[in-house]
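See structure below.
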Amino acid sequence: MLVFVIIRIGDNMKRVKISLLLNILIVIFTIFASITMFGGIHFMSEKVFLESSSISMFRFFTVDSNILMGICSLIFIFYDICLLKGKIKEIPSYMYIFKLMSTAAVSLTFLVVFSYLGIIAGYYNMILNSNLFFHLITPLLSIITFVFFEKNNLKFKYSFLGMVPTILYEIYYIINILVHVENGSVSPMYDWYWFVQGGLYQIFFVAPGILLITYLISSGLMKGSKVK
């Protein structure tokens, strides 16, 4: 029994160490990608798609979700270190809720990019420059971290909280569309995800559809991490 406990503690500390490493990488990648996009720095190609420099880059859910993830990971680094040093016995539940929301958000970014936007613009174009991290690397690292190395005791009923970032962004996006309607249509300049290019009525299908997808993602993350 004692041997089993020691092994379990060792395994748990190993998970925390890996969580710490992955969270550090997420923070570094988020800072690098944010700085390069903000400054309009193209380190892979001069092609630009779903990318904007300066403050305008924050209109993209991709950027917002990744920065949210970066902030969450930065805070998680502090808790991981405290856990490893024995200053705390466990990470607070509210941090796991924050991590769930952030991970669900970047997971949605990943899914939309590779199941929708990539088909329209080409998958290679979706992973150029800063978007290599925003669309691919950071979402994957975030999913791996949450599912495999950040075991928590959240109840499944909290899975709906994973939709919060998406709901807030949808409110912003819908308002942005409505204020830029001209003759019953909206320019792609303001509908940058092409959600209503076939007609404004599409928003009644797209908005709830994306929320449903986000909930399924959040639920999947919860189940994947084997919470009770």
Side-chain angles (χ1 to χ4, degrees), residues 37 47-52 55-69 72 97-128 130-136 138-140 142-143 146-147 154 156-225:
M37 183 175 285
K47 288 184 178 181
V48 176
F49 187 79
L50 286 179
E51 180 181 331
S52 183
I55 300 298
S56 62
M57 76 182 204
F58 293 104
R59 73 178 188 269
F60 296 121
F61 183 76
T62 290
V63 175
D64 299 336
S65 62
N66 274 264
I67 289 179
L68 182 68
M69 187 74 246
C72 182
I97 292 175
F98 187 16
K99 201 64 182 291
L100 173 65
M101 291 191 295
S102 305
T103 307
V106 292
S107 297
L108 178 64
T109 288
F110 176 84
L111 184 61
V112 170
V113 165
F114 290 98
S115 66
Y116 169 61
L117 296 174
I119 297 175
I120 297 175
Y123 291 106
Y124 179 69
N125 293 329
M126 300 306 298
I127 55 173
L128 292 175
S130 298
N131 283 331
L132 172 64
F133 299 98
F134 284 155
H135 287 163
L136 180 62
T138 297
L140 288 180
S142 301
I143 294 169
F146 184 85
V147 172
L154 291 179
F156 189 74
K157 66 180 182 180
Y158 290 112
S159 58
F160 77 94
L161 291 175
M163 297 189 295
V164 172
T166 303
I167 291 173
L168 294 177
Y169 186 81
E170 280 196 354
I171 292 173
Y172 157 71
Y173 197 84
I174 291 173
I175 292 175
N176 172 71
I177 285 175
L178 294 178
V179 298
H180 290 102
V181 174
E182 292 185 7
N183 299 319
S185 62
V186 181
S187 168
M189 181 182 298
Y190 303 107
D191 178 28
W192 45 83
Y193 291 128
W194 303 293
F195 286 151
V196 297
Q197 291 305 292
L200 286 176
Y201 71 91
Q202 290 182 324
I203 201 65
F204 295 107
F205 300 97
V206 174
I210 290 179
L211 283 182
L212 175 60
I213 291 172
T214 306
Y215 177 73
L216 293 176
I217 289 173
S218 182
S219 300
L221 289 170
M222 293 280 280
K223 289 182 179 179
S225 62

What is the minimum heavy-atom distance between Pro208 and Phe204, and which atoms define it?
-> CG-O, 3.0 Å
Grab the two heavy atoms, one from Met57 and one from Ser52, that are nearest each other, plus how far apart they are.
-> CB-O, 2.9 Å
What do you reckon, is CZ of Phe205 surrounded by more than 12 foreign heavy atoms closer than 6.0 Å?
-> no
Check whether any side-chain heavy atom of Ser187 lies under 4.5 Å from a side-chain heavy atom of His180, and answer yes or no.
-> no
First locate atom CZ of Phe160, then atom CE of Met163, and finally report the distance between them rounded to the nearest 0.5 Å.
-> 7.5 Å
Atom CG in Leu154, atom CE in Met222: separation rounded to 0.5 Å?
-> 5.0 Å
Can you check whether Ser159's main-chain N or O pairs, donor with acceptor, with Ser218's side chain at less than 3.5 Å?
-> yes
Below 6.0 angstrom between ring centroids: does that apply to Trp192 and Tyr173?
-> yes
May I ask you to test the Thr62-His135 pair for a side-chain heavy-atom distance under 4.5 Å?
-> yes
Does the side chain of Phe114 come within less than 4.5 Å of Ile127's, by heavy atoms?
-> yes
If you measure from CZ on Phe60 to CD on Glu51, what distance do you get to the nearest 0.5 Å?
-> 8.5 Å
Do you know which two heavy atoms are closest between Thr138 and Met69, and how far apart they sit?
-> CG2-CG, 4.4 Å
Check whether any side-chain heavy atom of Tyr116 lies under 4.5 Å from a side-chain heavy atom of Phe195, and answer yes or no.
-> yes
Between Tyr215 and Thr166, is any pair of side-chain heavy atoms under 4.5 Å apart?
-> no
For the side chain of Glu170 and the backbone of Pro165, is there at least one donor-acceptor N/O pair under 3.5 Å apart?
-> no
Ser185 (side chain) donor-acceptor with Glu182 (main chain) under 3.5 angstrom = yes
So CH2 of Trp194 and CG of Leu117: to nearest 0.5 Å the spacing works out to 6.5 Å
Between Met126 and Asn131 the two heavy atoms that sit nearest each other are O-CB, 3.4 Å
Do Thr214 side-chain atoms and Ile210 backbone N/O form a donor-acceptor pair below 3.5 Å?
-> yes
In Ile213, Leu221, Leu140, Val112, the residue satisfying side-chain contact (heavy atoms from CB on, under 4.5 Å) with Ser107 is Leu221
Could you give the distance from OG (Ser225) to CD1 (Ile143), rounded to the nearest 0.5 Å?
-> 12.5 Å
Would you say Val206 and Tyr193 make side-chain contact, with heavy atoms under 4.5 Å?
-> no
Can you tell if the side chain of Asn66 reaches within under 4.5 Å of the side chain of Pro139, non-hydrogen atoms only?
-> yes
Please walk me through it: do Phe134 and Val113 pass side-chain contact (heavy atoms from CB on, under 4.5 Å)?
-> CA-CA 10 Å; Phe134 284 155; Val113 165; over 6 Å; no
How many angstroms lie between CG in Leu108 and CG in Leu216, if you round to the nearest 0.5 Å?
-> 11.0 Å
Distance-only, no hydrogens or angles: does the Tyr190 side chain make a donor-acceptor pair with backbone N or O of Leu178 under 3.5 Å?
-> no
Between Tyr169 (side chain) and Ser65 (backbone), is there a donor-acceptor pair under 3.5 Å?
-> no
